[in-house]
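Report on the structure given below.
Note that the coordinates shown come from a computational prediction; the quantities given were computed from them, not determined experimentally.
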Amino acid sequence: MIASLGAVVMGILVIVIRQKASKTPLTMKKILIPPVAMSTGALMFVFPYFRLSPLHIFESVLIGLLFSIVIIWTTKYEVKADDLYVRTTKAFPIILMSLLILRIALKYIFSLSTTPGEMGGMFFLLAFVMILLWRLSMLMKLMKFKKQQAL
């Protein structure tokens, strides 16, 4: 219960950070730092307690992929003064909270058949895949924009 409450607080924090980030233009640094910083969490897999079976890896990657598609689809961009910005949308907080609620429900369902260590590994992998794919789509959008600006 406490972990779920913490996840809700983190979700609200992400929404606030996203709102502030929309006031500054996209840069490669801003896009790449979150997944690079998050990747250090993969060190958890050094310990057998957190290691995943192939089925758990597949489930985590698949759900992360599906969640990333939703976030990629709802991320909108706008051009201001020759810079690319992520546009704030009213749908983003609703979608983010919906994904969070779905993630909490999945955590409950998976907890019935997995250990806490496996759960931690699965949800780290799910979040990492989601963030990585979303950020890669942002990077491609930024590179395409910069290429068009150069012409």
Side-chain angles (χ1 to χ4, degrees), residues 3-46 50-110 114 118-151:
S4 297
L5 183 61
V8 170
V9 170
M10 290 299 287
I12 292 168
L13 184 63
V14 167
I15 291 169
V16 170
I17 290 170
R18 171 90 188 263
Q19 298 291 347
K20 288 184 179 187
S22 68
K23 294 180 173 127
T24 59
L26 280 177
T27 64
M28 281 192 165
K29 182 179 173 183
K30 282 185 185 178
I31 293 171
L32 295 176
I33 285 177
V36 169
M38 189 177 177
S39 69
T40 61
L43 288 172
M44 75 169 61
F45 297 116
V46 167
F50 296 103
R51 291 190 191 144
L52 304 175
S53 69
L55 179 61
H56 286 145
I57 293 170
F58 175 76
E59 291 170 343
S60 299
V61 169
L62 181 64
I63 294 169
L65 171 69
L66 294 174
F67 282 12
S68 72
I69 289 170
V70 172
I71 293 177
I72 291 167
W73 179 63
T74 58
T75 301
K76 304 297 179 202
Y77 302 90
E78 64 184 342
V79 177
K80 294 182 194 173
D82 296 328
D83 287 316
L84 188 64
Y85 290 76
V86 174
R87 183 169 35 115
T88 56
T89 62
K90 292 178 182 178
F92 182 78
I94 294 166
I95 290 167
L96 189 64
M97 281 303 175
S98 299
L99 289 175
L100 182 61
I101 291 167
L102 184 57
R103 186 176 172 204
I104 291 169
L106 287 171
K107 194 173 190 178
Y108 174 74
I109 292 166
F110 287 146
T114 58
E118 289 172 322
M119 288 286 294
M122 287 178 72
F123 280 91
F124 167 79
L125 186 56
L126 182 157
F128 184 71
V129 168
M130 181 179 70
I131 298 292
L132 181 65
L133 294 176
W134 178 43
R135 293 301 178 137
L136 287 174
S137 77
M138 290 174 82
L139 182 63
M140 289 189 298
K141 186 76 172 180
L142 180 63
M143 290 171 63
K144 183 179 176 184
F145 173 76
K146 291 206 179 264
K147 187 176 180 181
Q148 288 175 343
Q149 292 293 92
L151 299 175

Next item on the list: Kindly give the heavy-atom pair with the smallest separation between Val129 and Gly64, and that separation in Å.
Entry: CG1-C, 3.9 Å

Notebook entry, point to check: Looking only at heavy atoms, what is the nearest atom pair of Leu106 and Phe67, with distance?
Noted result: CD1-CZ, 4.2 Å

Next item on the list: Evaluate the side chain to side chain contact (heavy atoms under 4.5 Å, CB included) criterion for residues Lys107 and Met122: first the C-alpha distance (whole Å), next the side-chain angles of each, then the deciding distance (0.1 Å), finally the verdict.
Entry: CA-CA 9 Å; Lys107 194 173 190 178; Met122 287 178 72; over 6 Å; no

Next item on the list: Grab the two heavy atoms, one from Glu118 and one from Leu52, that are nearest each other, plus how far apart they are.
Entry: O-CD2, 3.3 Å

Item checked: Sequence neighbours excluded - salt bridge (charged side-chain N to carboxylate O under 4.0 Å, His left out) pairs with any residue from residues 135-146 -> none

Margin query: Return the CE to CD1 distance between Met140 and Ile72, rounded to the nearest 0.5 Å.
Written below: 7.0 Å

Next item on the list: Using the side-chain contact (heavy atoms from CB on, under 4.5 Å) rule, pick out the option among Val86, Val36, Leu136, Leu142 that qualifies with Ile31.
Entry: Leu142

Next item on the list: For side chain to side chain contact (heavy atoms under 4.5 Å, CB included), just list the numbers for Met119 and Phe123, CA-CA rounded to whole Å, side-chain angles, deciding distance to a tenth of an Å, and then say yes or no.
Entry: CA-CA 6 Å; Met119 288 286 294; Phe123 280 91; 3.6 Å; yes

Notebook entry, point to check: When you measure from the side chain of Lys76 to the backbone N and O of Trp73, does any donor-acceptor pair fall under 3.5 Å?
Noted result: yes

Item checked: Under 3.5 Å: donor-acceptor pair, side chain of Lys80, backbone of Lys23 -> no

Item checked: Derivation of the side chain to side chain contact (heavy atoms under 4.5 Å, CB included) call for Ser137 and Leu133 -> CA-CA 6 Å; Ser137 77; Leu133 294 176; over 6 Å; no

Next item on the list: May I have the step-by-step check of side chain to side chain contact (heavy atoms under 4.5 Å, CB included) for Leu26 and Phe145, ending in yes or no?
Entry: CA-CA 11 Å; Leu26 280 177; Phe145 173 76; over 6 Å; no

Margin query: Atom CZ of residue position Phe58 - does it have more than 12 heavy atoms of other residues, nucleotides or ligands inside 6.0 Å?
Written below: no

Item checked: Heavy-atom closest pair, residues Trp134 and Ser68 -> N-CB, 4.4 Å

Next item on the list: Please report the closest heavy-atom contact between Met44 and Gly121, naming both atoms and the distance.
Entry: SD-CA, 3.7 Å

Next item on the list: Kindly give the heavy-atom pair with the smallest separation between Pro35 and Phe128, and that separation in Å.
Entry: O-CE1, 3.4 Å

Notebook entry, point to check: Looking at CG of Leu126 and CG of Leu65, how far apart are the two atoms once the value is rounded to the nearest 0.5 Å?
Noted result: 10.0 Å

